[in-house]
**Student:** 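Before we start, here is the structure in question, set down as structure tokens.
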Amino acid sequence: MAELFDDLYRELILDHYRRPRNHGELPDAPIRVEGVNPVCGDEIHLDLKVADGAIADIGFWGHGCSISQSSASMLTERLKGRPLDEAGRVTKKVRAMLIDGELPDSELGDLEALEGVARLPVRVKCALLCWNVLEQGLAEAATTA
Amino acid sequence: MAELFDDLYRELILDHYRRPRNHGELPDAPIRVEGVNPVCGDEIHLDLKVADGAIADIGFWGHGCSISQSSASMLTERLKGRPLDEAGRVTKKVRAMLIDGELPDSELGDLEALEGVARLPVRVKCALLCWNVLEQGLAEAATTA
Amino acid sequence: MLDIERLREDFPILHQRVNGHRLVYLDSAATTQKPRAVIDALVNYYETSNANIHRGIHTLAQRATEQYEDTRAKVARFIGASNPEDVVFTRNTTESINLVAHSWGDRFIGEGDEIVISQMEHHSNIVPWQLLAARAGAAVRFASLTPDGHLDVDSLRALIGPRTKLVSLMHMSNVLGTINPVAEFAEMAHRAGALFLLDAAQSVPHLPFDVRATGADFVAFSAHKMLGPTGVGVLWAREGLLEEMDPFMGGGDMIATVREEASTWAEVPHKFEAGTPNIADVIALGAAIEYLEALGMDEVRRHEVALTAYAMDTLERIPGLAIHGPRDPEERGGVVSFEVPGVHPHDMATIADGHGVAIRAGHHCAQLLMRQLRVPATSRASFSVYNGEDDIAPLVEAIEHARKVFA
Amino acid sequence: MLDIERLREDFPILHQRVNGHRLVYLDSAATTQKPRAVIDALVNYYETSNANIHRGIHTLAQRATEQYEDTRAKVARFIGASNPEDVVFTRNTTESINLVAHSWGDRFIGEGDEIVISQMEHHSNIVPWQLLAARAGAAVRFASLTPDGHLDVDSLRALIGPRTKLVSLMHMSNVLGTINPVAEFAEMAHRAGALFLLDAAQSVPHLPFDVRATGADFVAFSAHKMLGPTGVGVLWAREGLLEEMDPFMGGGDMIATVREEASTWAEVPHKFEAGTPNIADVIALGAAIEYLEALGMDEVRRHEVALTAYAMDTLERIPGLAIHGPRDPEERGGVVSFEVPGVHPHDMATIADGHGVAIRAGHHCAQLLMRQLRVPATSRASFSVYNGEDDIAPLVEAIEHARKVFA
Ligand SMILES: Cc1ncc(COP(=O)(O)O)c(C=O)c1O
Ligand SMILES: Cc1ncc(COP(=O)(O)O)c(C=O)c1O
């Protein structure tokens, strides 16, 4: 049904795709991580500054489909300036929504717009790419801290 | 039908299997050739003396199923002392009967008993083994002559 | 002319709705759908004749062996080869090429030798040579492309030299559709004393194929791309070549004698078919070949050229849409890769699926080519005998929908 | 208890007459017959879901990918493995073993190393090691047998030493029926620092199999011997082992990135599944596993032990008839090789076929074992779930007939 896809391509997703937030390199970012989905070529780079147990600053760039890029844009918007434990919690909830099909939690905010992706297993990887990259970055931050 | 197999295992074939003719090595045979069917392990050795354009003497031994051994016994009986061109002709006619399903020619003599094998493609190789070995032996005779 | 309406009756899978729409299957370059005759061949084999082959004396084993070897003869006939014994059954095109890389390559390719391929190749005709080159200390050289999506003949000529031992190229591109003038390439290889391998995965299924006319020493293709089942590939080799090659895999059926000290090999082609083969699917490939022969490969080609011309003309009317590869439908197969400005191919494929239209988006196992085209991926519609002009309108609708979403 | 009458209803091939008699299929060690559920799985796949997998976005590709990966999980569950990612799909047992010989062997076996196997092995577990040994300058050593058809444990122990890098043995003999105490063998291998490969081609189909209990590092088996289709084999590897191994074949689906200079590999198990896999047959293997699980492997084993005991008791009443292998049915599988004095096995098989009875005659891909038994070939009757005691009388009749013919 065409509605399935209208539900997938919600205005909020398209808006983040067209006007990505926190887009571009962070000059002097102490942490730079990247991920590629070899199946489809989607690419996400995250630059991170972690300070006082929080994500002090974050920037992203890359290329790929609307899902992978808007997910990254929403990620940066949602987590910029937020404490690390909140970042961990949100990551978990995004995964629960996308992989296990759980209902979105209110803590997700705009990210709830990704809910429709859960019904398209092949596209879930697109949406998850930036979250995997984030996890990698935070792990790096933990060891260098 | 059981008849098919009664037709295959004719008394003449069984007789040659039980009491093989010209069985055993030929002492001082100038030509010794052998063949193995790798699929089933049938083995035929032929010892040959060729003189004055004829198979002066011939002996065989080996092991394997009734078809492979009786075919060899009948071969020796049919061709011992016969001219080489007759051996070539008989070989051709045996092949025609077994491979192409042609009616046996009167020149075949007892070998006609192998006719039923033609209907069992997997057993045709058993019957043909000694004829291939003979051909090899005669080719050798031709080059050493 | 192919009667598409009637022909579709033969393909049960097409009679379904996907996301509320008639299924429009435009992904035949990935794998084709199967006619009832092929499915029936499988059912019939398992219901009447299933047995292990070559070593069996009982009736089922004889039946199965006969049907299996019959298909070898059908394959030879279909590609214009004279000896069924030059046909080896593998799993797919990929295994056919890997078999050559091991059994021929490990024997004949040494330090400093060169293997010439192109930037257009499918990964299956790249990676086996990279692995061989690493084992042997040899090098892989890549012919480049012209801007209009042909193989650059000058670049190929410049690469082929005294160190070249093998030239391995595709017949028809699975991304650009380009049909290569392979007889000319074979001659270039042979003049340099090299062998020529032809990746015919996309050509044997779609045009009249005569192995002698190609000049190839090796030809590889897959049953699943020619209306046949998954799990069967073909390697054909010029007479005498298989004999010179070492075995690939060891095991049952490929031996003559096994002794503790050493073993000896069965005659070709059995030497290269170790273990129980994919008997049922080989037999079903025979049914696929009969189906294609009944249609006539000239007709198949004519149909696909006409449909490709129609599709290109129609798609080009969409503002901004760009099609990769040669413009002339006579120079290409039924594969149309396109870009919709502002729409990523994965989004394009998802939206098409919403319209019941199955297209493929991605690198199509051709990352080197993607780099040449300067795109991360393309959208691709590809055709077979069951596609008609009525399949193009739903694709256009999907593209228009995508353009609206991403406007 | 298995209800054989009802169960036979599931196997369409059994309802035919061969040479005027009810077909009695006693050749399941070569390949088993297929239940309707397996044939239906093939038909259903091709009629509803056929598409190329892993890279496709459209609905059919998603369906096919899901069903294919589901079977990986079913295989893991069936053999008691915890990670589906440790399961690689190949063509057959033979390819599974060759894959290890290349991807593990070419990396870890060097000059002077030793591979220990036995004189009982199937050619598929001999020749790959001879080929590897020739490439690597290593040696293959052969454990001998006891007179009653067991593997001689002392001989095996004596062979395993500091040079041993791999011990590769069969679980159940396809000629003698012998079931080897493989956990003990695995421990011997591991104590010497060697890995242990288990050829489970004849065991996984016939008894409750728990990969952890075997202690094996690698396990190989074939779908076609376990009610599944031809063209699919399984290689299972202990967690982490696949990661250490080099790719076997190169091509589509097994890569992460392809560049002219070099390529990188996809994650396991995909790294070992190059090109379009045998999608339909993998999915049909899933149906075979479900069928066996519904019967219950304990029940299957119980049934086959009882039938083997009955068959041995009955055959032994025939004057002069000799049965190879262990006398105790609990120590063996449903494979009975026998000699009828004065009757060559090929004649035996031909005459049996005349009675509608399909048995196998030959070396059973075990020439080393034939040499130990001092026979050129044996006659073999082998059983599966659809065989019952009523299949033994026609076999006995055929043997009596053969004895009369050759009296
Ligand atoms: C013990 C054993 N190992 C290996 C094989 C080889 O199996 P496949 O022919 O399926 O590769 C067989 C089957 O004949 C067997 O019985
Ligand atoms: C040109 C070309 N070569 C090789 C292949 C590989 O075929 P398979 O996946 O059947 O091995 C393909 C199919 O994707 C192809 O299009």
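In what follows, every chain begins at residue 1, and chains take the letters A, B, ... in the order their sequences are listed. Everything numeric in this text was worked out from a predicted model, so none of it was measured.
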**Student:** How close do D/Gly252 and C/Ser124 get, heavy atom to heavy atom, and via which atoms?
**Tutor:** N-OG, 3.3 Å
**Student:** Looking at D/Pro128 and C/Gly250, what are the two nearest heavy atoms and their distance?
**Tutor:** CG-O, 3.4 Å
**Student:** So for D/Val258, is it side chain, backbone, both, or neither that comes closer than 4.5 Å to the heavy atoms of chain C?
**Tutor:** both
**Student:** Quick check on the interface: out of D/Ile279, D/Leu368, D/Thr276, who has the most heavy-atom pairs with chain C under 4.5 Å?
**Tutor:** D/Thr276
**Student:** In terms of heavy-atom pairs under 4.5 Å, which option from C/Ser222, C/Ala274, C/Ala280 contacts chain D the most?
**Tutor:** C/Ala274
**Student:** Any side-chain donor-acceptor pair under 3.5 Å between C/Thr230 and D/Asn278?
**Tutor:** yes
**Student:** Check for a donor-acceptor pair, side chain of C/Asn98 on one end and backbone N or O of D/Met249 on the other, with a separation under 3.5 Å.
**Tutor:** no
**Student:** For the pair C/His102 and D/Phe248, name the ring-plane relationship: parallel under 30°, tilted 30 to 60°, perpendicular over 60°.
**Tutor:** tilted
**Student:** Nearest 0.5 Å, please: how far is CG in C/Leu60 from CD in D/Gln33?
**Tutor:** 6.0 Å
**Student:** How long is the gap from OG1 on D/Thr257 to NE2 on C/His123, to the nearest 0.5 Å?
**Tutor:** 9.0 Å
**Student:** Below 4.5 Å from any heavy atom of chain D, which atoms of C/Thr93 appear? Answer side chain, backbone, both or neither.
**Tutor:** neither
**Student:** With a 4.5 angstrom heavy-atom cut-off, could you sort out which part of D/Ile255 is near chain C: side chain, backbone, both or neither?
**Tutor:** side chain
**Student:** Is it the side chain or the backbone of C/Asn50 that comes within 4.5 Å of chain D heavy atoms, both, or neither?
**Tutor:** both
**Student:** For D/Val127 and C/Gly251, work out which heavy atoms get closest and say how close.
**Tutor:** CB-N, 3.7 Å
**Student:** Which heavy-atom pair separates C/Gln130 from D/Ser263 by the least distance, and what is that distance?
**Tutor:** OE1-OG, 2.6 Å
**Student:** How long is the span from the CG atom in C/Leu23 to the NE2 atom in D/His58, to the nearest 0.5 Å?
**Tutor:** 9.0 Å
**Student:** With chain C, which of D/Leu99, D/Val38, D/Asp281 has the greatest number of heavy-atom pairs at distances under 4.5 Å?
**Tutor:** D/Asp281
**Student:** Is D/Pro229 close to chain C through its backbone or its side chain, or both, or neither, when contacts mean heavy atoms under 4.5 Å?
**Tutor:** both
**Student:** Under 3.5 Å, side chain of D/Gln16 to main-chain N/O of C/Thr48, donor-acceptor pair present?
**Tutor:** yes
**Student:** Can you tell which part of C/Val43 gets under 4.5 Å to a heavy atom of chain D, answering side chain, backbone, both or neither?
**Tutor:** both
**Student:** Using non-hydrogen atoms only, which part of C/Glu260 is less than 4.5 Å away from chain D: side chain, backbone, both, or neither?
**Tutor:** both
**Student:** Is there any salt bridge (charged side-chain N to carboxylate O under 4.0 Å, His left out) pair reaching into residues 44-55 of chain C, and which pairs are they, with sequence neighbours excluded?
**Tutor:** C/Glu47-D/Arg36, C/Arg55-C/Asp253
**Student:** Let me confirm one number: the CD-CZ distance from D/Glu261 to C/Phe142, rounded to the nearest 0.5 Å.
**Tutor:** 8.0 Å
**Student:** Does any backbone or side-chain atom of C/Ala101 lie under 4.5 Å from a heavy atom of chain D? Answer side chain, backbone, both or neither.
**Tutor:** neither
**Student:** Quick test of your reading of the model: are C/Arg91 and D/Glu95 salt-bridged, counting only N-O distances below 4.0 Å?
**Tutor:** yes
**Student:** Show me the donor-acceptor pairs within less than 3.5 Å that the side chains of residues 357-364 of chain D make with the rest of the protein, sequence neighbours left out.
**Tutor:**
unit_1, atom_1, unit_2, atom_2, d
D/Arg360, NE, D/Asp27, OD1, 3.2
D/Arg360, NE, D/Asp27, OD2, 2.8
D/Arg360, NH2, C/Asn52, O, 3.3
D/Arg360, NH2, D/Asp27, OD2, 2.9
D/His363, ND1, D/Cys365, N, 3.0
D/His363, NE2, B/Pro38, O, 3.4
D/His364, NE2, D/Gly362, O, 3.2
D/His364, NE2, D/Thr378, O, 3.2
D/His364, NE2, D/Thr378, OG1, 2.8

**Student:** So what's closer than 4.5 Å to chain D heavy atoms on C/Leu131: side chain, backbone, both or neither?
**Tutor:** side chain
**Student:** Is chain D contacted by the side chain of C/Arg380, its backbone, both, or neither, given a heavy-atom distance below 4.5 Å?
**Tutor:** neither
**Student:** Would you indicate whether the side-chain heavy atoms of C/Leu42 and D/Tyr46 approach each other to under 4.5 Å?
**Tutor:** yes
**Student:** C/Arg371 versus chain D, heavy atoms under 4.5 Å apart: side chain, backbone, both or neither?
**Tutor:** side chain
**Student:** Please flag which part of D/Thr32 lies under 4.5 Å from any non-hydrogen atom of chain C: side chain, backbone, both or neither.
**Tutor:** backbone
**Student:** For D/Thr59 and C/Asp353, test the side chains for any donor-to-acceptor distance below 3.5 angstrom and give the result as yes or no.
**Tutor:** yes
**Student:** Using a cut-off of under 4.5 Å on heavy-atom pairs, state which of C/Val282, C/Thr31, C/Leu132 scores highest against chain D.
**Tutor:** C/Thr31
**Student:** Of the backbone (N, CA, C, O) and the side chain (C-beta and beyond), which part of D/Ala262 lies under 4.5 Å from a heavy atom of chain C, both, or neither?
**Tutor:** backbone
